Amino acid sequence: MPTVLKTSQIWNLKNTSLVRFEAAGNRIQRIESGTVRYFPQSLTSADVGDNIFSFGEYVLELKDLPITSLEFSDNFTPHDVFDSYVEECPLREETVTINSINNLYFYELPFFEKWKKKSGCFPVPGKLKKVLLRSNYLQYEIHNLCFMENELKYLSLSDNVLHTWTGPVTNIRKLTDLDLSANFCSNISKTFFSPDFINVRCLLLQNNLLGLVLPTDVDGEIFQNLYNVKYINLSKNKIANIPNLLFKEQHNLERLDLSENMIDDINFKISHMRKLMFMNVRNNRISTLSQYAMNELDSIAKENNNLTIDLSGNNLVCNCDSLSFVKWIVNTPTNFHLLRNTNVKHQKNPSVFFETLEKFTKPYKRNVCHMKV
């Protein structure tokens, strides 16, 4: 049966030097109002994963916790916390009745409305730096969301069902790492990443459905406020086409992962990414690179000899039409990662391509090495 974490179970901790609190796997549904203030000021981290939390008044009290790290993962609640929810549990000593009296989130007083009346921002512990909210089966749209003053640097919301990212999300200026992977997201607004995301360095968006929305961003507005991001992972997003200006503001990007999509060419602007060291386009539908793509890569490689591209898992074509591409592979200063794992379709015999290419690339072993059919 669901349980409530009571004040009587916590109050003796107030004068201790406890630094970590673990209560994972206890089917906790709610925390009694007023309990939070009995946690000691020495507390730095908490793990309350694998429970069945509902929203309640206690959420508004979390801002008073002294913790810097919170793990709140694997909470598979059977209801949508952003809809009205009334549940009555059997009255036992360690259970609680969830109704309009002790559950803030019911139809007459929506939870977000009460947030707005109290502060207008989501309550966050002031010292909190790391939050893990993975695998909670959260099924909703991320609306306009403001955080209270915080020190948040790492936020993981992966493996949920956050299908629409509308935003904007604000007051998150210290955030450096954001993980929104595996959320079945197919819609992201051009204002979701507000200017407050300016310090984000690592952005994990893999395993979503962003290929349905990114091609519409012809002016590059979705990522326009991510000036300082160094790593973007967009793998496994069913992306077939990337607008030319999608990454127009990513001057500091060092790693770009577009693997396991449906891309057939690098037809988007990257020449401004002078710090780019690794581009992963593994397992796409690339048969050859256009002259535009080769020029963009060379523009970087001439100034940055660390640039490496992974073309493995693509079906490259070797024929008269792709001769310029083959010559480019031989002569470009761009490095190649695991090119030997790339499939090559030759008009007569694939081995002819490799034998010829290896012959011409002996002086360029740093670019092409250990190739085989």
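Residue numbers run from 1 in the order of the sequence given. Computed from a predicted structure; not experimentally measured.
- The backbone N or O of Val19 lies less than 3.5 Å from a partner atom in the side chain of Thr44, making a donor-acceptor pair.
- Screening Asn305, Asp298, Ile329, Ile300 for a side-chain contact (heavy atoms from CB on, under 4.5 Å) involving Thr334 leaves a single residue, Asp298.
- Judged by distance alone, the side chain of Asp310 and the main-chain N or O of Val281 form no donor-acceptor pair under 3.5 Å.
- Formation of a donor-acceptor pair under 3.5 Å by the Asp257 side chain with backbone atoms of Ser259 is found in this model.
- Residues that satisfy the ring-ring contact (aromatic ring centres under 6.0 Å, His included) test with Tyr38, not counting sequence neighbours, are absent from this structure.
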Apply side-chain contact (heavy atoms from CB on, under 4.5 Å) to Phe72 and Val131, showing your working.
CA-CA 7 Å; Phe72 197 84; Val131 177; 5.7 Å; no
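- Looking at Ile31 and Phe53, their side chains come closer than 4.5 Å, going by heavy atoms from C-beta outward.
- Expressed to the nearest 0.5 Å, how far OG1 of Thr166 lies from CD1 of Ile142 amounts to 8.5 Å.
- Between the CG atom in Asn335 and the OG1 atom in Thr308 there is a gap of 4.0 Å [rounded to 0.5 Å].
- In this structure, CG in Asn284 is found 9.0 Å from CG in Asp264, a value given to the nearest 0.5 Å.
- For the pair Ile270/Leu297, a side-chain contact is recorded, criterion being any heavy-atom separation below 4.5 Å from C-beta on.
- Annotation for Tyr292: hydrophobic cluster partners, listed by chain and number, are none (ILVMFWY side-chain heavy atoms under 4.5 Å, direct or chained).
- Expressed to the nearest 0.5 Å, how far CG of Leu214 lies from NZ of Lys238 amounts to 14.0 Å.
- Apart from Leu245 itself, the hydrophobic cluster it occupies contains nothing, where clustering links Ile, Leu, Val, Met, Phe, Trp and Tyr at side-chain heavy-atom distances under 4.5 Å.
- Between Asn199 and Leu175 there is no side-chain heavy-atom pair separated by less than 4.5 Å.
- Within the 4.5 Å cutoff, the side chain of Leu204 has no heavy atoms near those of the Leu180 side chain.
- Panel note: side chain Ser156, backbone Leu132; no donor-acceptor pair is recorded below 3.5 Å.
- The backbone N or O of Cys185 sits nowhere less than 3.5 Å from a side-chain atom of Asn183 that would complete a donor-acceptor pair.
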What's the verdict on side-chain contact (heavy atoms from CB on, under 4.5 Å) for Leu70 and Val48, showing C-alpha distance, side-chain angles and the deciding distance?
CA-CA 8 Å; Leu70 173 64; Val48 290; 4.2 Å; yes
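- With sequence neighbours left out, the ring-ring contact (aromatic ring centres under 6.0 Å, His included) criterion links His163 to no other residue.
- In this structure the side chain of Leu162 reaches within 4.5 angstrom of the side chain of Tyr140, judged on heavy atoms.
- Distance alone, capped at 3.5 Å, is enough to place a donor-acceptor pair between the Asn228 side chain and the Ile198 backbone.
- Note: Phe247 and Phe223 have parallel aromatic rings, judged against thresholds of 30 and 60 degrees for the angle between ring planes.
- By the 4.5 Å side-chain criterion applied to Ile, Leu, Val, Met, Phe, Trp and Tyr, Met262 is assigned to no cluster and stands alone.
- Qualifying ring-ring contact (aromatic ring centres under 6.0 Å, His included) partners for Phe192, counting only residues two or more places apart in sequence or in other chains: Trp165.
- Of the possible donor and acceptor atoms, none in the side chain of Asp159 sits under 3.5 Å from a partner among the backbone N and O of Arg134.
- Residues Ile239 and Leu234 have side chains in contact (heavy-atom distance under 4.5 Å, counting atoms from C-beta outward).
- Under the 3.5 Å distance criterion, the side-chain polar atoms of Asn295 are left unmatched by any main-chain donor or acceptor of Ala293.
- Side-chain contact between Pro123 and Leu62 is absent, with no heavy-atom pair separated by less than 4.5 Å.
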Checking side-chain hydrogen bond (donor to acceptor under 3.5 Å, both in side chains) for the pair Asn207/Lys236: CA distance, chi angles, key distance, verdict?
CA-CA 5 Å; Asn207 202 12; Lys236 298 181 181 179; over 6 Å; no
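- Separating the CZ atom in Arg282 from the OG atom in Ser235 is a distance of 8.0 Å, to the nearest 0.5 Å.
- Members clustered with Met277: none, using a 4.5 Å side-chain heavy-atom cutoff among hydrophobic residues.
- Using a 30° and 60° split on the angle between ring planes, Phe193 and Phe197 fall in the perpendicular class, above 60°.
- Sorted by first and then second residue, the salt bridge (Lys or Arg N to Asp or Glu O under 4.0 Å) pairs with a member in residues 167-190 read Glu151-Lys174, Arg173-Asp196, Lys190-Glu221; sequence neighbours excluded.
- In this structure a side-chain-to-backbone donor-acceptor pair under 3.5 Å is present from Asn304 to Leu276.
- Glu260 contributes atom CD, which lies 10.5 Å from atom CD of Gln206 (distance to the nearest 0.5 angstrom).
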Leu316 and Phe325: CA distance, side-chain angles, deciding distance, side-chain contact (heavy atoms from CB on, under 4.5 Å) verdict
CA-CA 10 Å; Leu316 302 184; Phe325 173 54; 4.1 Å; yes
Go through the steps to decide whether Ser312 and His337 satisfy the test side-chain contact (heavy atoms from CB on, under 4.5 Å), and finish with yes or no.
CA-CA 7 Å; Ser312 62; His337 179 69; 5.6 Å; no
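- In this structure, the side chains of Ile266 and Ile309 come closer than 4.5 Å at one or more pairs of heavy atoms.
- Evaluation of the side-chain hydrogen bond (donor to acceptor under 3.5 Å, both in side chains) rule for Ser299 yields Arg274 as partners, not counting sequence neighbours.
- In this view, Arg201 satisfies the salt bridge (Lys or Arg N to Asp or Glu O under 4.0 Å) rule with no residue, not counting sequence neighbours.
- Residues that satisfy the side-chain hydrogen bond (donor to acceptor under 3.5 Å, both in side chains) test with Ser271, not counting sequence neighbours, are Lys269, Glu296.
- The salt bridge (Lys or Arg N to Asp or Glu O under 4.0 Å) test applied to Glu22 returns Arg20, not counting sequence neighbours.
- By the criterion of side-chain heavy atoms lying less than 4.5 angstrom apart, applied directly or through intervening Ile, Leu, Val, Met, Phe, Trp or Tyr residues, Phe278 is not grouped with Leu226; the two fall into different hydrophobic clusters.
- Checking side-chain atoms of Asp64 against main-chain N and O of Arg37 turns up no donor-acceptor pair under 3.5 Å.
- Under the 4.5 Å side-chain contact rule for hydrophobic residues, Leu323 and Leu289 do not share a cluster.
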